[in-house]
Amino acid sequence: MKITTWNVNSINVRLTHLLSFLETEKPDVIGLQELKAPNDKFPLIEIEATGYHVALNGQPTYNGVALIASQPIDDVVLDIPGFDSDEKRVIAGTVAGVRVVNAYVPNGQNPDSDKYQYKLRWLVAFTAYLQQLSKEYAQLIVIGDFNIAPADDDVHNPASWKGKILCTDQERAAFQKILALGFLDTLRIEAKPKGTFTWWDYRQGGFEKNSGIRIDHLLSSKVLGRRYQSSMVHLDYRALERPSDHAPVSVVFK
DNA sequence: ATGACCGGTTGCACCGGA
């Protein structure tokens, strides 16, 4: 079972890349973030024509998440239950017995901003939600754009990123709090080359220089983790013409 | 130090992204 996370930075601009990914990589589940489209502007017909199932939580302009799966998506839940917000950042569903939570964590802009405080509050609510889910589901995975580089190894230039948004101690502590619920950072189960990243700035040839950071994650429950086979960053999709600034990232289970 | 590249729009300049 292959599960993929991908911040597409506009589903309509990235549709051809997505269709190519579905055909070539044949993921069982893919969680998309930053659709930047309301549900009625999502290219549902084109994607369902491939035989994949779709569950949507879109909004105009910003945010927006979706689950796409080779088998039916059951018990779909949108957003963080009980957390008051209009931002469409979370969608959860069950595919082939695995509960998949797909999230687009707020960026936070900079550590002095109100958006940063919102990010920290959002993470507290999200963590409580995941704690509840981990009691409910043994086969559980939370995937998405976390907008957190968990450690200095996840940043091309730790000195210049120190204390900056995505790398503050508070964000990293929030990430550790999620892991402490019993999740495995699947891309780190096996050793990966130094400089394994998932996002590269469009500016200044960030990808060509591998000036990246690792902020897209697939965190599995320990029970699901026993089925772990492999994980990978799909650099070839970041190298395409007119790419998203994020690469797809996958984990494969038995 | 600044802006650099994208996508979307309350659109031809801006905001948000990371």
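Residue numbers begin at 1 in each chain, while the letters A, B, ... track the order of the sequences.
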Requested in this report: Have a look at A:D145 and say if it touches a base, only the backbone sugar-phosphate, or nothing, with a 4.0 Å heavy-atom cut-off.
Outcome: sugar-phosphate
Query - Length of the line joining A:Q33:CD and B:dG7:P, which is rounded to integer Å - result: 17 Å
Query raised in the report: Can you check whether A:N107 has a side-chain N or O nearer than 4.0 Å to OP1 or OP2 of B:dA18?
Result: yes
**Report entry** A:E241 CD - B:dC5 P separation (whole Å)
**Finding:** 16 Å
Query raised in the report: B:dG17 phosphate, OP1 or OP2: any side-chain N/O from A:H246 under 4.0 angstrom?
Result: no
Query raised in the report: Within the structure shown, what part of the strands sits under 4.0 Å from A:I165 by heavy-atom distance: base, sugar-phosphate, or nothing?
Result: nothing
**Report entry** Value in whole Å for how far the C1' atom of B:dA18 lies from CD of A:E171
**Finding:** 11 Å
Report task. Sticking with atom P, work out how far B:dT2 lies from B:dA13, rounded to a whole angstrom. Result -> 23 Å
Query raised in the report: Say you pick atom P in B:dG16 and the same atom in B:dG11; how far apart are they, in whole Å?
Result: 15 Å
Query - Passing candidate, side chain to side chain donor-acceptor pair (under 3.5 Å) with A:D154, options A:R172, A:R214, A:H217 - result: A:R214
Query raised in the report: What interatomic distance, in whole Å, is found between P of B:dA4 and the corresponding atom of B:dT9?
Result: 22 Å
**Report entry** Atom pair CG/CG of A:N107 and A:N63 - distance to nearest 0.5 Å
**Finding:** 10.5 Å
Report task. Ignoring the backbone of A:T61, work out which of B:dC6, B:dA4, B:dG8 is nearest its side chain. Result -> B:dG8
Requested in this report: Mind calculating the distance between CG (A:D114) and P (B:dC15) to the nearest angstrom?
Outcome: 16 Å
Query raised in the report: In whole angstrom, what separates A:D201's CG from B:dG17's C1'?
Result: 9 Å
Query raised in the report: Can a donor-acceptor pair under 3.5 Å be found between the side-chain atoms of A:N147 and the base atoms of B:dA18?
Result: no
Query raised in the report: If we take the P atom in both B:dT10 and B:dC15, what is their distance in whole Å?
Result: 15 Å
Report task. Classify the nucleic acid contact of A:N7 as base, sugar-phosphate or nothing, counting any heavy atom under 4.0 Å across all strands shown. Result -> sugar-phosphate
Query raised in the report: Does A:K115 put a side-chain nitrogen or oxygen below 4.0 Å from OP1 or OP2 of B:dG16?
Result: yes
Query raised in the report: Which of the following nucleotides, B:dG16, B:dG7, B:dA18, is nearest to the side chain of A:E34?
Result: B:dA18
Query raised in the report: Between B:dG16, B:dC6, B:dA18, which one does the side chain of A:Y202 approach most closely?
Result: B:dC6
Query raised in the report: What about A:Y118 and A:I165, same hydrophobic cluster or not, with Ile/Leu/Val/Met/Phe/Trp/Tyr joined at side-chain heavy-atom distances under 4.5 Å?
Result: no
Query raised in the report: Under 30°, 30 to 60°, or over 60°: which ring-plane class applies to A:W122 and A:F83, parallel, tilted or perpendicular?
Result: perpendicular
Query raised in the report: In terms of the angle between their ring planes, are A:H234 and A:Y237 parallel, tilted or perpendicular, with boundaries placed at 30° and 60°?
Result: perpendicular
Query raised in the report: NZ of A:K119 versus P of B:dG17: gap in Å, rounded?
Result: 10 Å
**Report entry** Whole-angstrom distance between B:dA1 and B:dC6, as gauged at atom P
**Finding:** 25 Å
Query raised in the report: Would A:R89 and A:D79 pass as an ion pair if we require N to O under 4.0 Å?
Result: no
**Report entry** Single-linkage hydrophobic cluster, 4.5 Å side-chain cutoff, A:I143 and A:L184 together
**Finding:** yes
Report summary line: Closest to the 5' end of DNA chain B, once A:N63 and A:P243 are matched to their nearest nucleotides, is A:P243
Query - Contact under 4.0 Å: A:R203 side-chain N or O vs B:dA18 OP1/OP2 - result: no
Query raised in the report: Taking CZ from A:R172 and C1' from B:dA18, how many angstroms apart are they, rounded to a whole number?
Result: 14 Å
Report task. For A:K41 and for A:I213, locate the closest nucleotide of DNA chain B by heavy-atom distance; then report the residue assigned to the nucleotide nearer the 5' terminus. Result -> A:K41
Query - Sugar-phosphate, base or nothing in reach of A:Y104, heavy atoms under 4.0 Å - result: sugar-phosphate
**Report entry** Rounded distance (Å) that lies between atom P of B:dT9 and atom CD of A:Q59
**Finding:** 11 Å
Report task. Check every atom of B:dT9, B:dA4, B:dG7 against the side chain of A:Q204 and return the nucleotide holding the closest atom. Result -> B:dA4
